[in-house]
Amino acid sequence: MRMTGARALVRSLEAEGVDVVFGYPGGVALPIFDELYDAESIRKILVRHEQGATHAADGYARATGKPGVVLVTSGPGATNTVTGIANAYMDSIPMVVITAQVATHVLGTDAFQETDITGITIPVTKHNYLVKDASELPAAIHEAFHIATTGRPGPVLIDVPVDVSKAELEYTKPPQVSLPGYKPTYKGHAKQIKQAAMLVSKARKPLLYAGGGVLASGAWAELKELAELMQLPVTTTMMGKGAFPEDHHLWIGMPGMHGAKYTNYSITETDLLIAVGVRFDDRVTGKLATFASKAKIIHVDIDPAEIGKNRVADVPIVGDAKHVLASVTAELRKMGAEPRTDAWMRVIDDWRGRFPLHYHGDDPEVLMPQFVVERVDAMSREFNDVIVATEVGQNQMWACQFHHVRKPRSWVSSGGLGTMGFGLPSAIGAQAGRPDALVIDIAGDGSLQMVSQELATARIHDLPVKVVILNNGFLGMVRQWQELFYERRYSESVLGQDVPDFVKLAEAYDCLGIRVTRPAELDDALKRAFEHDGPAVVDCRVHPEENVFPMVAPGGSIDEMLGGIPGGPVSEMLDDDLLEEVWE
């Protein structure tokens, strides 16, 4: 069947099952947008900035497990996507970004709105294409989806010159994609599986350390089965929140710079660290030389480049987390292995009791940010399906600490890149992907001002996201570092709580706006917002100089934490009887 490149592109999207496209039109993208106009099976969401489109596609992918799709024009339209593409690349999120481009005959001439977007995005895409022949376009689309969603997921960009969109081709759906140079390894090596199982069976102080790779693989059931079979305590990274239910007794919190003391103590004392779908990120490990220094390391990852990159593994296993975890569990059952962690769990429970996350929230006139997150957590439990997105900074860390994720794909947050402005558009994308969910963006006043125009997107497209702002009048995490390490010299971190007026801003976008200044007002405000049938903004005027604690100082060991309930070295944190039992 003969058709234009633009029509073939849209047909290819339909063949891939795409149901939502986030985008922003422009001159050389018009042939594609014109064809998209008649694609009834694809919902078109017009954002207010191209960065918002990529973050929305990112949030959609995290909430659904399907690749997010972006369509923008050339030049500034394309370059505005780079931050969102980099964010998805750092967090291994599947995304296909289609950028329109100037005509092939003027490429390289500095034509109006021409940029070398494929060159620009090489470092932050899993792969990218510049399609110069219309006949190659369908294959490029299908290959892009295959690459984005297999192996270690990530963003793929396709640059489509306008004359390619207009040219005709004979369209047939390409056969199943097969790329000879791209064959991800899914099954772990049998010998290494047996070695891992043997170590797990003998360990007295084991710890499962799970990250975003567990969610990317869909391996949450396998993770839970292994943990329960061998009674292994589980710590999940920020990217791994939701991979293990956080109301489960075996879950022991988030590790790292702002992890709980009991979590970091457990890592320091473990004798076997089972790392699954993690990359030993510096915000988790702190000083690498002291991170789990007493432990043997099992490292499972589908990307061989991650194995040994930051930490040498005693048992490296390249493979998909779902396959590998299932294989290790099967081997343990075959061995008749039994749990040996009773004393170890009592040690961890002792630490949990003595060093819980806490804050001072007794003043009835002062709204504490941790209290806001606690009430969001408690009140959202009344809803069957809840997704929490965050911005970046203190708000994000308090959300990590005080919001408990109980189901997979219910947490949307920027990890590796730490992108301010991520929360609102990613919440919009998550809401588009799961329209029946209650989607909440726990926001900072600084981050939200980078993307507040996307309230229009939420309102016009009937995406009822709820934005809960922890408004402290500062770039909060920057201010915290300035307080702790720069003698309280608040250089360019003061925003002020009154500009903008977020209630008026919400109302300007025809959204519900509510202000909260005292703890007693919070529950009613959240109830109104959650029950409102459209987007809502709750401006919570929180304590302006509250800090996120515990905190590991830059370059420090994770068992040396600032703030929180005081405690000395880990060796002093153990009950003598428990110590003798577990260390004997």
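Just the heavy atoms: all of them, side chains too, but no hydrogens, waters or symmetry mates, feed the values below. Sequential numbering from 1 along the given sequence is applied to the chain's residues.
In this structure the side chain of F145 never reaches within 4.5 angstrom of the side chain of V177, judged on heavy atoms. A heavy-atom distance below 4.5 Å is not found between the side chains of V318 and I302. Counting only heavy atoms from C-beta outward, the side chains of E560 and K287 never approach each other to under 4.5 Å. Annotation: side chain of H403 is not in contact with side chain of E246 (no heavy-atom distance under 4.5 Å). Residues V284 and V278 form no side-chain contact, since every pair of their non-hydrogen atoms from C-beta on lies 4.5 Å or further apart. A 4.5 Å side-chain heavy-atom check between L229 and L332 finds at least one atom pair inside the cut-off. Contact of the V82 side chain with the T121 side chain is registered, since non-hydrogen atoms from C-beta on lie closer than 4.5 Å. With contacts defined as side-chain heavy-atom distances shorter than 4.5 Å, the pair H299/Y209 does not qualify.
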Between E222 and K322, is the salt bridge (charged side-chain N to carboxylate O under 4.0 Å, His left out) condition met? List the steps.
CA-CA 6 Å; E222 289 76 11; K322 190 176 184 72; 3.0 Å; yes
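Relative orientation of the W481 and F485 rings is perpendicular, given thresholds of 30° and 60° on the angle between their planes.
Remark: R406 engages D377 in a salt bridge, criterion side-chain N to carboxylate O under 4.0 Å. Residues D350 and R354 are paired through a salt bridge, judged by an N-O separation under 4.0 Å between the basic side chain and the carboxylate. We find that D349 and R352 are joined by a salt bridge, their nearest charged nitrogen and carboxylate oxygen being less than 4.0 Å apart. Between D91 and R62 there is a salt bridge, with a side-chain nitrogen of the basic residue lying less than 4.0 Å from a carboxylate oxygen of the acidic one. A salt bridge is absent between D281 and R283; no separation between the charged side-chain nitrogens and carboxylate oxygens falls under 4.0 Å. Salt bridge absent: E331 and K194 never bring a charged side-chain N and a carboxylate O closer than 4.0 Å. Between D385 and R434, at least one side-chain N (NZ, or NE/NH1/NH2) sits under 4.0 Å from a carboxylate O, which counts as a salt bridge.
The distance between the ring centers of W251 and F244 does not fall below 6.0 angstrom.
Going from atom CG of L272 over to atom NZ of K294 covers 15.0 Å, rounded to the nearest 0.5 Å. The distance from atom CD1 of I93 to atom NE2 of H55, rounded to the nearest 0.5 Å, is 12.5 Å. Interatomic distance, CG of N80 versus OG1 of T99, reported as 12.5 Å (0.5 Å rounding).
There is a side-chain donor-acceptor pair under 3.5 Å between E483 and N547. Checking R152 against S92 by side-chain atom types alone, a donor-acceptor pair falls below 3.5 Å.
At distances below 3.5 Å, at least one donor-acceptor pair connects side-chain atoms of N310 with backbone N or O atoms of F280. Distance alone, capped at 3.5 Å, places no donor-acceptor pair between the H258 side chain and the F549 backbone. Between the side chain of Q401 and the backbone N or O of G259 there is no donor-acceptor pair closer than 3.5 Å.
Scanning all heavy atoms of the two residues, the minimum distance from A148 to V96 falls at CB-CG2, 4.2 Å. Of all the heavy atoms in T81 and A78, the pair that sits closest is OG1-O, 2.6 Å. The heavy-atom pair separating Q396 from W411 by the smallest distance is O-CH2, 4.4 Å.
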